[in-house]
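What follows is a single structure, written as structure tokens, with notes after it.
Predicted model, so just to flag it, every value in this text is computed and none were measured.
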Amino acid sequence: MPETKKSAGNNFNLTDQEALQFHQQGKPGKLEISPTKPMATQRDLSLAYSPGVAAPVRAIAEDPSRAYDYTSRGNMVAVISNGTAILGLGNLGALASKPVMEGKSVLFKRFADVDSIDLELDTTDVDAFIEAVRYMGPSFGGINLEDIKAPDCFIIEQRLRELMDIPVFHDDQHGTAIIAAAGLINALHLTKRDIKETKVVCNGAGAAGIACIELIKALGVPHDNVTLCDTKGVVFEGRPEGMNQWKSAHAIKTENRTLLEALTDADVFLGLSVKGALTGEMLEAMAPNPIIFAMANPDPEITPEEAHAIRDDAIVATGRSDYPNQVNNVLGFPYIFRGALDVQATTINEDMKVACARALAELAREDVPDEVASAYRGSRPKFGPEYIIPVPFDPRLIYTIPLAVAQAAMDSGVAKRPIVDMAAYEAQLKARRDPIAGTLQRIVSKVRQAPKRIVFAEGEETPVIRAASTFVAEGLGEAILIGREDEIRANATSAGVDINRAGIRIENARVSNKNTDYAEFLYSRLQRKGYLQRDCQRLVNNDRNYWASIMVARGDADGMVTGLTRNYSVTLEVIRDCINTKPGHRVIGATMVLSRGRTVLVADTAVHELPNSEELADIASEAAHVARRLGYEPRVAMLAYSTFGHPHGERTERLQEAVKILDQRRVDFEYEGEMGADVALNMDKMSAYPFCRLSGPANVLVMPAFHSAAIATHMLREMGGSTLIGPLLVGLDKPVQIVPMGAKDSDIFNMAALTAYNIT
């Protein structure tokens, strides 16, 4: 195993060992391929392959555009590199670039629902690279070039754009340029500058630097107002050394020879160079209200703290997520390709890049609604010097940026399949959002505003240690690990986790000064249930779930996560010995299920084995409350094997009676039943019952019994194709969550975030 060390410049104090284990666990890597059509029967296979596949083959041969109708080409992007400029690591080769390219593919899917595959080409020969890529055109709807050194990247992109009839986009160049241009538009607006009179200095003449100045010139900055600098100083007309055709295109007539001279009275600094390149003397020499884009990674040319200490009138952006105004390429490339693919664009031209930049700028100026505010760290953002660029988790990006890019492609004549109904297209884009990822991000952002103390009962377990570390790193509060300190530290070291990080605390029941008090507390609750004082003392000493539960009950922690090593029902019994039911509520389990873009809550999946009508009505109310806390307007279906009395059965009467009870209670959410799951989830089938009170497909499913709920959710979890979170424990007076046995560290973290958010 390589030496454990911290990765340079990361904001979460990740160690190399943590990162290696993340990539290695389960299926190695970050991607897999899943079929989109059923493959269960011989007929399915015959349709998918021979002989059925002949029909689309003939159709495409007759009309190549039909490939977008019958294959995945229209939603498929290739991420291609030769590894000659990997992140900030340099030329480490094609194979070493694969983790980065897989990561890029994941971002395409996560943010814009674009399918992507990584291709690493083992050649540094420009012509060989071009020849390899050009013949892949029929396989993909677009090509994203990545981590290719300059000037090779300029040549490769230019020639491939000429040779191919699909978008070819080098994100290292244009991605940074587009996001920086968006921020620049807003910074100029805030400082009341005219773009045609603005003086810009760009330090760094690599791929991103050249692309930045090309784009800001397209936005309206005059050629002579842009000074390009590199390691040899100002790029001026007639300079004999260190020049190439791309630098020469931006050379100007000037007497300035140094970066300091160029920055004197300049309005804007674009940094794509190295840490410390912008000095205090240079910043002082700039014009009033200077605009600083210090985009060197991992450390900027000047930090915002350093800049504001010298010039409190400066607007500063960096490439770092721990500072305001992050220039992050993920704001651009997924959505640019989304728009380009949806109109089958033949290229990504300057008009489309400008449209993206302007749309991003306009989005940052808009008022932030409640739905969006929760995606931001801290308080609600407001357009100003520290908010000139949206953040990557803004859910409006998916239906704002592709719309603008697609429109620009159509207006500039590069769209082969123009969109007729843009309103319908916007609705389609909104449906592409990842519901669970968006929901969890909103929850995480809310918790950051009010961090909590969460106790992890099984603190010696490696997945728990990792989850606790992530909880602290995400700024959600304090993590308390219960267990033997030497064992926790040893397992943390083995996992590559920095257990000494501020915010992680270890507590051992046997040596705690609270031991006697906790035993007395437990005895006061169990003494009339057959427990002696020594029984309670033994439970406190030996059972970490008792200790953690009492911590929460006594207010020494705000919430608790457990369950990794013990059966759910046994764990719940321990917790209920220590924590009361919330007055007026019922304890239930609700499982969140995401399948093919749809999110539903299933209840009760943990507590009531065969609920009666009153209990079913309570379960419906509790589950509806959880749906609202998670950001969904509940539509509750009381499920059965029958629909509205057919076929008739004794057990359906409980569900029918539960609906009547909800009628009497006059609850404030939609509900209906009894009904089959197919009817509840399918509006076409629901239309056969015009009296049905649901306005849309149900998103809360109340099962007739615990066994049916558990069977259904366990099958979905194990068969794949669905993401499950839970069961979420609801109805206790204090926030507690029990993870499934064997849960992964990411699952434990999600439950810890939900505990801190307190969904009950």
Residues pairing under salt bridge (charged side-chain N to carboxylate O under 4.0 Å, His left out) where one sits in residues 572-581, two or more places apart or in two chains, turn out to be none
With sequence neighbours left out, what residues match E609 under side chain to side chain contact (heavy atoms under 4.5 Å, CB included)? none
Between the main-chain N or O of P99 and the side-chain N or O of K30, is there a donor-acceptor pair closer than 3.5 Å? yes
Residue pairs passing the side-chain hydrogen bond (donor to acceptor under 3.5 Å, both in side chains) test where at least one lies in residues 479-492, sequence neighbours excluded: E460-R484, E485-R489, R489-N500
Is there a donor-acceptor pair closer than 3.5 Å between any side-chain N or O of D535 and the backbone N or O of L532? yes
Using atom types as modelled and distance alone, determine if a side-chain donor or acceptor of S549 lies under 3.5 Å from a backbone N or O of N545. yes
Do R510 and N515 have a side chain donor and acceptor closer than 3.5 Å? no
Non-neighbouring partners of E478 that pass salt bridge (charged side-chain N to carboxylate O under 4.0 Å, His left out), sequence neighbours left out: R505
Could you check I588, I738, T571 and say which one makes a side-chain contact (heavy atoms from CB on, under 4.5 Å) with L729? I738
Side chains of L476 and R448: does their closest heavy-atom pair fall under 4.5 Å? yes
Check whether T400 reaches the backbone of L397 with its side chain - one donor and one acceptor, N or O, closer than 3.5 Å. no
In terms of side-chain heavy atoms, does N297 have a donor or acceptor partner in R320 at a distance below 3.5 Å? no
Under the rule for salt bridge (charged side-chain N to carboxylate O under 4.0 Å, His left out), what residues qualify as partners of R628, not counting sequence neighbours? E633, D668
Tell me if a side-chain donor or acceptor on N758 pairs with a main-chain N or O of P735 at a distance below 3.5 Å. no
Got a sec, which residues hit side-chain hydrogen bond (donor to acceptor under 3.5 Å, both in side chains) with S746, two or more places apart in sequence or on another chain? none
Backbone N/O of K744 and side chain of D747: donor-acceptor pair under 3.5 Å: yes
Under the ring-ring contact (aromatic ring centres under 6.0 Å, His included) rule, collect the residues that match up with F471, sequence neighbours excluded. none
Per the ring pair (Phe, Tyr, Trp, His ring centres under 6.0 Å) rule, what does the pair list look like for residues 519-576, sequence neighbours excluded? Y518-W547
Do D604 and H608 pair up side chain to side chain, a donor and an acceptor below 3.5 Å, judged on atom types alone? yes
Should I619 and E622 be marked as a side chain to side chain contact (heavy atoms under 4.5 Å, CB included) after you check the CA-CA gap, both sets of side-chain angles, and the distance that decides it? CA-CA 5 Å; I619 291 168; E622 293 291 347; 5.8 Å; no
Quick one about E102 and S105 (side-chain donor to acceptor, distance below 3.5 Å, no hydrogens or angles considered), yes or no? no
Would you tell me whether T755 and Q737 have side-chain atoms, one donor and one acceptor, within less than 3.5 Å of each other? no
With sequence neighbours left out, the residues meeting side chain to side chain contact (heavy atoms under 4.5 Å, CB included) with V330 are L107, F111, N328, F333, P334, P392
Residue pair I748 / F456, side-chain heavy-atom distance below 4.5 Å: yes
Can you name the salt bridge (charged side-chain N to carboxylate O under 4.0 Å, His left out) partners of D618, sequence neighbours left out? R586, R665
All side-chain hydrogen bond (donor to acceptor under 3.5 Å, both in side chains) counterparts of T176, not counting sequence neighbours: N329
May I ask you to decide if R466's main-chain N or O and D745's side chain share a donor-acceptor pair within less than 3.5 Å? no
To the nearest 0.5 Å, how far apart are NE2 in H585 and OG1 in T581? 10.5 Å
Separation of I465 CD1 from T470 OG1 (nearest 0.5 Å): 12.0 Å
Quick one: NZ on K446 to OH on Y757, what's the gap to the nearest 0.5 Å? 7.0 Å
Under the criterion side chain to side chain donor-acceptor pair (under 3.5 Å), I'd like the reasoning laid out for E386 against Y323: C-alpha separation, chi angles, the key distance, then a yes or no. CA-CA 9 Å; E386 293 199 343; Y323 291 123; over 6 Å; no
Can you list everything that forms a side chain to side chain contact (heavy atoms under 4.5 Å, CB included) with K452? Sequence neighbours excluded, please. A450, I454, D558, A756
Can you find a heavy atom in the side chain of V464 that is under 4.5 Å from one in the side chain of V561? no
Hey, are the side chains of E366 and F383 touching, using non-hydrogen atoms and a 4.5 Å cut-off? no
